[in-house]
Structures are given as C-alpha cells and as structure tokens.
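The structure appears right after this line, and notes come after that.
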Amino acid sequence: DYGSTRLLSTFDALRESPVLKQFQWSPLVQQTVQQNLNSFDISLRHDRRPNKNTPIPSKFPGLLAIHVRRGDFEAHCKFLAKYSASYNAWNSFPDYLDHPPSNTDDYGEHCFPTINQILYRVRKVQWEWELAHKESTLKRIYVMTNANKTWYNELKMKLEYSGWEVVSSAKDLEVSPKAVEVVVGADMMIATLAEVFIGNGFSSLSSNVNLFRRARGLPSDSIRFL
C-alpha cells in the first residue's frame with residue numbers, strides 16, 4: 001500500500017488482537033536463530049557456537065539490522081520514483097525520523113543504494129543512535145539481503161573494515177536443510193529483536209518487521225530507513 005496512510009488507523013486494534021498478542025515464530029525459525037546466536041548476541045563470543053540450551057533473548061542489544069534489497073528492486077525503484085511513491089504501509093508512521101525523499105532524483109539512494117551510500121547511512125544512524133542513547137553502543141550488524149554473494153562479500157568486507165565487530169547475513173548462518181525455506185523468517189525475527197533496524201521504506205518485508213517492532217513497543221527512533 002504505497003501513498004496511503006489508511007492502514008495506520010488499524011494499528012491499535014491489531015496490536016491488541018490475538019494476531020499479534022499470540023504471535024510466535026515457528027520452531028524452525030527459532031532453531032535457526034538460536035544456533036547462530038553468537039553472530040547477534042554481543043554477550044557471546046563470535047568464534048564459539050552457542051550451547052543448544054542457550055535461550056534467545058528478548059532483544060539483541062548492540063545489534064543493528066539493515067534490509068538491503070537488490071535484484072528486481074533496481075527496476076522497481078525507478079518505477080516508484082516515476083510516480084513519487086511514498087513509503088509502504090507500516091513504514092509510514094509520522095513519528096519516524098525518516099520519510100520518503102522529496103526529490104525523485106534521490107529515490108535510488110533510499111531504495112537501491114550503492115555500497116558507499118550504505119556505509120555512510122549505517123555510520124550516520126549509528127552515530128545518531130549512540131548520541132541519543134548514551135548507554136548503548138552498536139557493535140554488530142546483520143544484513144538482510146537478496147544480493148548475490150559477490151556483492152554481499154564486498155559490502156561485508158567494507159563494513160568490517162569500517163569497524164563493525166561482527167558482520168553477518170543469512171549467507172553466513174548455519175541453516176539446517178529443513179530450515180532453508182524459512183530463512184527469511186529468521187531474517188525477520190533477527191531484525192525484530194535488533195536494537196536498531198534500518199529498513200527499506202519501499203519494501204513490504206521491512207514494513208512487516210516494523211509492525212512487529214511497534215507491537216513490541218520499541219522506540220520509534222530505533223526504526224530508521226535507508
């Protein structure tokens with residue numbers, strides 16, 4: 001739902017409904033996240049696999065998750081710019097710090113950014129968050145992406161070089177054969193539990209992550225956009 005905020009009026013009722021009150025991630029999604037906790041939980045050493053009995057925390061302090069769309073979004077973003085589209089559904093709450101670009105020439109940076117633009121955006125959001133939340137330090141980053149491995153590896157290398165303690169994505173996770181089909185669910189769970197999430201405002205996947213984050217009562221300044 002681009003360009004309409006009608007959906008937002010249903011949020012309070014939806015938040016109190018069984019749909020969100022009783023929502024749980026599937027066992028396969030939880031298993032995938034649990035066995036890779038050492039990538040997201042800063043209390044665990046990255047070079048040691050977590051014990052299978054280690055519980056999944058209610059939040060991942062120090063983790064920044066970011067959603068980076070590639071592939072078909074290159075053409076899709078040009079289409080959205082042509083019509084000056086607004087952000088998708090739950091990405092449109094007025095209390096967010098970030099809003100759709102006012103200039104159509106800027107859509108690429110916010111919808112289909114280059115690696116250098118991502119590096120700049122990540123650092124800016126990190127600086128603003130830590131400035132506003134003195135007790136918090138963002139140390140690890142999780143990348144939700146459908147990019148090919150070559151492109152992702154370049155992004156990962158540059159993020160690591162810029163000082164991030166751990167950089168990971170679904171391409172780095174240990175995933176059982178049974179869980180391969182639900183890895184996007186694991187992406188969403190990780191992004192929901194991250195201390196800060198940078199979404200793609202034009203993506204319905206980012207929108208659904210933000211629905212979960214708002215339902216959990218997370219601060220609006222922890223929800224940012226590219």
Is any side-chain heavy atom of [X] less than 4.5 Å from a side-chain heavy atom of [Y]?
X: Thr192; Y: Arg216; answer: yes
X: Leu64; Y: Ile198; answer: yes
X: Ile56; Y: Gln30; answer: yes
X: His67; Y: Thr145; answer: no
X: Glu165; Y: His46; answer: no
X: Ser169; Y: Tyr152; answer: yes
X: Val183; Y: Val29; answer: no
X: Leu205; Y: Met188; answer: yes

TODO: Take Lys134 and Glu130 through the test salt bridge (Lys or Arg N to Asp or Glu O under 4.0 Å) and record every step on the way to the result.
DONE: CA-CA 6 Å; Lys134 302 293 186 183; Glu130 293 177 356; over 6 Å; no
Going by the angle between their ring planes, with limits at 30° and 60°, are [X] and [Y] parallel, tilted or perpendicular?
X: His76; Y: Phe73; value: tilted
X: Phe40; Y: Phe60; value: tilted
X: Phe225; Y: Tyr87; value: tilted

Under a 4.5 Å side-chain heavy-atom rule over Ile, Leu, Val, Met, Phe, Trp and Tyr, are [X] and [Y] clustered together?
X: Leu173; Y: Leu44; value: yes
X: Val209; Y: Val33; value: yes
X: Trp151; Y: Val143; value: yes
X: Met189; Y: Val68; value: no
X: Ile141; Y: Leu37; value: no

For this session: Tell me, with the steps shown, if Leu63 and Ile190 meet side-chain contact (heavy atoms from CB on, under 4.5 Å).
Result: CA-CA 9 Å; Leu63 179 69; Ile190 294 161; 3.9 Å; yes
- Can Phe11 and Leu8 be said to form a side-chain contact (heavy atoms from CB on, under 4.5 Å), step by step? CA-CA 5 Å; Phe11 174 71; Leu8 304 184; 5.7 Å; no
If I compare all heavy atoms of [X] with all of [Y], which pair ends up nearest, and what's the gap?
X: Ile118; Y: Pro113; answer: CG1-CG, 3.7 Å
X: Leu14; Y: Trp90; answer: CD2-CZ2, 3.9 Å
X: Ala191; Y: Ala65; answer: CA-CB, 3.8 Å
X: Ser136; Y: Trp129; answer: OG-NE1, 3.0 Å
X: Ser222; Y: Arg213; answer: OG-NH2, 2.9 Å
X: Phe202; Y: Ala85; answer: CE2-O, 3.5 Å

**Study point:** side-chain contact (heavy atoms from CB on, under 4.5 Å) between Lys82 and Tyr107, worked out
**Key:** CA-CA 9 Å; Lys82 182 179 178 180; Tyr107 268 65; over 6 Å; no
Give, for atom [atom1] of [X] and atom [atom2] of [Y], the distance between the pair rounded to the nearest 0.5 Å.
X: His110; Y: His99; atom1: NE2; atom2: NE2; answer: 12.0 Å
X: Asn210; Y: Ile223; atom1: CG; atom2: CD1; answer: 4.5 Å
X: Leu155; Y: Leu119; atom1: CG; atom2: CG; answer: 6.5 Å
X: Asn148; Y: Glu154; atom1: CG; atom2: CD; answer: 10.0 Å
X: Leu193; Y: Lys59; atom1: CG; atom2: NZ; answer: 10.5 Å
X: Glu109; Y: Asp106; atom1: CD; atom2: CG; answer: 6.0 Å

Counting N and O atoms only, with roles assigned by atom type, does the side chain of [X] sit under 3.5 Å from a partner on the main chain of [Y], one being a donor and the other an acceptor?
X: Asn200; Y: Leu226; answer: no
X: Ser206; Y: Ser203; answer: no
X: Lys52; Y: Gln34; answer: no
X: Gln117; Y: Thr114; answer: yes
X: Gln126; Y: Leu138; answer: yes

side-chain contact (heavy atoms from CB on, under 4.5 Å) between Ile42 and Val166, worked out
CA-CA 9 Å; Ile42 60 174; Val166 177; over 6 Å; no
Electrostatic pair [X]-[Y], nearest N-O below 4.0 angstrom:
X: Arg214; Y: Asp95; result: yes
X: Arg49; Y: Glu174; result: yes
X: Glu74; Y: Arg70; result: no
X: Arg224; Y: Asp221; result: no
X: Asp172; Y: Lys156; result: yes

Got more than 12 heavy atoms from elsewhere within 6.0 Å of [atom1], [X]?
X: Tyr83; atom1: OH; value: no
X: Lys139; atom1: NZ; value: no
X: Trp127; atom1: CH2; value: no

Going through the distances and angles, do Phe212 and Trp25 end up as a ring-ring contact (aromatic ring centres under 6.0 Å, His included)?
CA-CA 11 Å; Phe212 289 133; Trp25 299 99; 5.3 Å; yes
Would you kindly say whether Ser43 and Asp41 are connected by a side-chain donor-acceptor distance under 3.5 Å?
-> yes
